[in-house]
Structures are given as structure tokens and as C-alpha cells.
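So you know, we letter chains A, B, ... as the sequences are listed, proteins then strands, and number each from 1.
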Amino acid sequence: MEISNLPISPSIRSKLLSKGYTSLSSLSSISPSFLAQELSVKLEEAVEVLRAVSDTTTSKSAHTPNGIIPGAVTAWDMLSEEQMQRHISTGCEDLDAILGGGIHCKEVTEVGGVPGIGKTQLGIQLAVNVQIPVEYGGLGGKAVYIDTEGSFMAERAYQIAEGCIYDILDKFPSNSREFLSCKERLQVNNFLAGIFYFRICSYTEQIAVINYLENFLTEHGDVKLVIIDSVTFHFRQDFDDLAQRTRVLGGLSLRLMKLSKMFNLAVVLLNQVTTKFTDGSFQLTLALGDSWSHSCTNRIILHWNGNERCAYIEKSPSVPSASAPYLVTGKGIRGINSNFKRARIM
Amino acid sequence: MMDTEEEDFKSRLAPDVTPNRQLPWLTGIELLSDTNQNKHFLPTGLEGIDALLGGGLRQGQVTEIAGPSSSGKTQVCLSSATHVVDRNFGMVLYLDTSNSFSPFRISCFVNQLHPSLPKELKETSLQTIMSNIYCQSVFDIFALLDLLHHVETTLKHTVKLGGSKLCLLIVDSVSSVIAPVIGGKNSQGWCMMASVGVLLKRIAYEHNIAVLVTNHMVGGENGTLKPALGESWKGIPHIRLLLSHGTGNNHGTTTVLKHTLMVSMHLDHHEIWSKWVVFFSVLEHSSVTGRVLYVAGDSFAYRTHASDTN
């Protein structure tokens, strides 16, 4: 693989290639005299070549503490990093509790549900909550909102931002000096300015935006959340070749995984439902097929439980499956107990 | 007399057959003793799965776990990593394609291992165990191939790093990096999938490492699910297990799809039997007084109840 990268003279390199030695591993167990005979060169030159080979391989392993592969981190280091990580609150305490604090950064979370259950509301709530300053327990980051259906309403975002600020000031009523400077930043217009909005109208635009995101995120390093609402829409109607759709979606999800890991942000994908004929009956499942269901880190299903809206964690590597009810209020997503809590304090 | 002839023949044949100057073949007895002494079973931490695997993940072999979404594949991988390091088999390298490696979950597994230990010992044991599990994220097939080549080169050149050697390689999941490149008009994707398969098997065999990969499910005929990556991938893992959801409760079931030692309970039943029937009938019925040279890919396994006549 890397003969062409070795620091040896071109004539020797071409001799190596013509004799069939194309990768470093093929030179790994050859003695210098054998190599000299093979290439018809002097013994010293063969020794030089083999030394260059061993230098390249040892220099790669010298960079790593463990010597196995560069970039590998031990689970112990990751644990301490993970414990310092903040999560994005959803607005509903019960949902935050079952999620282990909120939506995790460095992970791709898929949220699916029937129309009208509150997926877009949750998306806008997360885009607002990610901007809560660090002093108030949030991440203090910005959000990228990629809208495929046109369901993002700026007026609703305004309402939700207002509700969020109101609740923060309610929760932290102290007027101490350190909070005063943050209070100035708690303006609805700042919150709206912190949401980068992309409107896309076809699947090619969707693929293009996701490819472009890497450059965008390098420039705007404070983005901590990317929401795609909804990831399914353009892929359901325009694709004739389903196998190709699966491949394209697979590539998309890998790119999103890479972005979330590289830039330490959370990616939230909103998905629609479809009916599937399994075991003799029609059941509701998330759209885009079985392969897509494999390519997210966490999955939350929003559903109706009688008259109540409920969120169910279907897939997660670190928290068990659980369910939590939530409400969609004028101020955004809230838990069912939050109204009672306020009454008790007063 | 026969032995010296044999030695002579081997030494003349050796340079052409293998570049490493190793003896090109071993007898069945040598292979069997090597298996019994060197090829240990690595525990997954889940008794049912260990029992189904015949003891655990076999060193030198590639085990695949397939299953629908959230059936527990990542949990099996995390549990195996923890238990293998705990029993001091060596280091674990976890290649993660979906950011599902959860250090928190590993710490939960570690805490469940020895519940009766005092707190300080638990802390040190947690640190020791987690410092021997290495995680690297891979997001496309080229990066995976590059990494595997690098692992192979490093393993060849280092004899032993202070006592801890790589003993388990987990790729979770190998199907999400391979699936986007296979299919379509050109066949390069299939070639890359074959390269990944060959590389994994070579790493497993030459360095006595157990390899664990996970695979997802796709739709087959009649709405049933089947493991992804198609027919060509089927021959690559030595052992394939299928996890499925329990309905309602938390219990899932595991089925053996393919195993070199056991009868599988599923579709591949007849394929496996036919290979073995051919081999043993040759041994049984050969009236030539000579030995049989079995050139194995690597699915050669040691059935203890061979036929009576040698």
C-alpha cells in the first residue's frame, strides 16, 4: 500500500514494484541479502530499504500510546469526558430523566411519530434550549435547523423562546452580579438569531446541505445541535430505485454520525411513520425501511397513550427503555407536573 | 524413512507456498492440539449466548451477530469487551460506526461483575478494565480498511507490549459501512466487502484474535427479515447468531444460523452437512494408502466424533 510513500530512490522503488512488492507488509519478513538478490542491488541499499520500511511502521505506532492504532481512546478517558458532558434539555423533566439528562451530544437521535404528535414542536424546543447559557445549566450553543417540509414557524419559535426565558428567570430569580450579565443576553431576539435555518426542497438539496455542513460547522464552531425536520420527506416520493435510496441514506447517516463526533454536537432527525404489513396485520413503523432504523444511535417514538402524548425510548446504548408523558403547551414542550410545581411554590 | 522424505518435500515446497517460510501444512493431530491449547473461548458475559457458541467467542474465528434494530447487538459487544478484559485475556479494540460505544454502560457492566468488592478496589478495577478497552470511530469503508491494515502491521511488528496483547476485535457494525457501497452497477463494492472479510479472517487466524462483528437486517421475501450484506457475506463469518426481540417483555431469543461445530437450527443446515459428508467419506472410503491434504479456507473445525474407519 505504501511503497510509493517510502523515502527511497525512484529506481529502487520501480524495481520493487516490478518485482511485485507493492505493500509494506510484503517487505516485512525479508532478509536484506534476499532482497539484494531479488532486486539486483547492493546489500547496503537493500538494508536502507528495509530500514525505511521499519521506520515507517514504527513511527506510526510511536505516535500512539498503545501502539495499536492512532486515534484510539481508552474507555476510561472517554468516561471522564462523558461525565463532564452537558445534555440538551427537552423542556419536559420526565423525558430528560429517562434520557439520562437530555439529548446527548456526539450522538444521532431519531425522533419519530404520527403527524400532529409534536415532532416539530420538540425540534423547535430543542433549538431554543440548546442556547440556554452555561450559567443556567444549558450548553450556550447555536442550532442548525434544516427544514424539508416547511413546518418551521418563526412566530412559534418566538413564543417558545419567550416561554423558555420566562421559565429560566422564574427558576433562577437571584439578582446577583454574575447573573446580571447573562440576563442581558436572555433576549428573545438573541435566541432567534442563534438558529441557522436552511429550507430545502428536494433530496438533492438535502444531500448537498449535509455535505456542506462540514464547512459550515468549521466556520461556526459554536453550533451544538443540528435538526433535520423531517429527514424522510423528500426520500419517500422521488425515489424509484429503492436499493439506491437505501445506499444514499446509509451514506447520509454515516456522514451525520461523523459530523456529530467531529464537532461534538447532537444531531436530531425527525421521521414520519408508515404502515407495514407484518404478521398478518398492519402496523405503524418508522419510514425509510429496516436499514435506516439501524443507522441512528438513539431512537425516541412519540405516540398517543389514550389522550396523553407519550415519549418512548426504543433504542439507546446507555439507558433502558422507558416511557414518559409530555405536554405541548403555549410555551413549548413541558412535563405534566410542571404546572403543579409552580402552584406549590406560590 | 517416510518422515525424512516428508521433511525434505516440505522444505522444498515451503518457499513457494508461503512467504513466511513457515511449514505449509500441519497434520490433523497438530491442529487439534493447537486448538485445545491455544484457541480459548472468550466469554461474552451472557450465559445463554456462551452456551450457544459452545463456550464463548473462539479465538481465531470471526463471529457475527445479526438482528433487527435494538435487539441487543451493541449490548452483547459491550458486555463481551468488559468480561474479556476482566478475565485478563488481553486488550479489546472496539471499532464503532454509530457512536454507540457508551463508557457509562461499560461502567455499569463492570460494577455488576464483582458486587461484593469494597469501594476502593472497585474503583481501581474499573480503571484497569476501562483502560484496556480501546475505542475508535469509523465512518466509511476506506477508513475501516486502512485501520485493519494498520492493526495487522502493528501486530506483526510488536511481540508483546508489556503483557497486554489484543485479543478481541469488535466491529459494531460492519454492515453500516459496507451496505452503502454494495449494490449498484459496478462491482467494486463487493470487492471491498470481500477485502474486509478476508482481512478480518486473516487478523483472527494469524494473531489468535477473536473477531466479533454485528450486522443489521433487511427485508427478504414474504416480508421476513434476513441479515444484510447478502449471499457473498454469508461465507465470511465462521459463526452467525441471530438475535430477535422478545414480544412485550425484555427477553429476546438467539438462534444459531451457522456454526462450524454444531448443527444449525435454520436454513443453512443442509449446506453445512454436505461439506462434512464429502470430507469424511473421502477419508472413509479411500483405498489409497496415503494421506489426505485438506486445503482449508479456514472453516476447518474439529469434530470429535469422526467416522470409525480412518
Side-chain angles (χ1 to χ4, degrees), chain A residues 1 23-26 28-30 54 57-58 60-61 64 66-83 100 106-108 243-244 246-251 253-255 257-258 260-261 276-279 289-291 293-297 299 314-318 321, chain B residues 19-21 68-70 74-75 78 81 91 93-94 97-108 126-127 129-137 139-140 147 149-158 161 164 166 173 175-177 179-184 216-219 223 225 228 250:
Chain A
M1 261 186 338
S23 68
L24 287 183
S25 54
S26 55
S28 57
S29 49
I30 299 216
S54 66
T57 41
T58 47
K60 263 191 187 169
S61 38
T64 65
N66 52 326
I68 288 290
I69 49 172
V73 192
T74 64
W76 179 251
D77 297 329
M78 287 176 76
L79 183 68
S80 23
E81 261 180 52
E82 200 189 45
Q83 279 164 350
K106 284 197 189 174
E107 291 183 10
V108 172
Q244 193 191 24
T246 315
R247 285 198 298 277
V248 168
L249 285 172
S253 75
L254 283 175
R255 214 163 292 143
M257 287 282 177
K258 188 175 178 183
S260 77
K261 186 92 188 201
K276 189 171 157 176
F277 189 73
T278 50
D279 302 329
D290 303 298
S291 305
S293 63
H294 183 73
S295 46
C296 60
T297 315
R299 188 175 314 120
E314 205 206 14
K315 175 180 177 182
S316 165
S318 48
S321 285
Chain B
N20 300 342
R21 315 292 191 97
S69 179
S70 76
T74 305
Q75 299 302 308
L78 295 173
M91 279 168 32
L93 178 59
Y94 194 108
T97 65
S98 52
N99 294 341
S100 325
F101 182 77
S102 163
F104 171 71
R105 190 71 183 118
I106 299 253
S107 66
C108 291
L126 183 69
Q127 180 166 6
I129 292 182
M130 292 185 72
S131 308
N132 275 320
I133 303 178
Y134 289 89
C135 176
Q136 170 72 308
S137 294
F139 298 113
D140 60 79
L147 267 176
H149 278 294
H150 195 85
V151 168
E152 203 186 5
T153 326
T154 321
L155 285 173
K156 267 194 208 163
H157 289 268
T158 42
L161 292 174
S164 238
L166 184 66
S173 63
S175 52
S176 42
V177 289
V181 296
I182 54 179
H216 65 275
M217 306 288 275
V218 289
L225 291 178
N250 275 332

Check whether the side chains of [X] and [Y] place a donor and an acceptor atom closer than 3.5 Å, and report yes or no.
X	Y	result
H216(B)	S173(B)	no
T97(B)	S176(B)	yes
S70(B)	R299(A)	no

So do the side chains of [X] and [Y] get within less than 4.5 Å of each other, counting heavy atoms only?
X	Y	result
P317(A)	T297(A)	yes
R255(A)	D140(B)	no
N99(B)	S260(A)	yes
W76(A)	L126(B)	yes

Against chain B, work out which of K261(A), E81(A), E107(A) has the most heavy-atom pairs shorter than 4.5 Å and name it.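 Looking at each of K261(A), E81(A), E107(A) in turn, K261(A) comes out on top.
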
Which of G251(A), G250(A), A75(A) touches chain B most, by non-hydrogen pairs under 4.5 Å: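 Option with the greatest count: A75(A).
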
Tell me, for [X] versus chain B, whether the close heavy atoms (under 4.5 Å) come from the side chain, the backbone, both or neither.
X	result
E82(A)	side chain
S316(A)	backbone
K106(A)	backbone
S318(A)	both

Against chain A, label [X] side chain, backbone, both or neither, depending on which of its atoms sit under 4.5 Å from a heavy atom there.
X	value
Q75(B)	side chain
I182(B)	backbone
S98(B)	both
S100(B)	both
A179(B)	backbone
I106(B)	neither

Roughly how far, to the nearest 0.5 Å, is OG1 of T74(B) from NZ of K315(A)? 6.5 Å

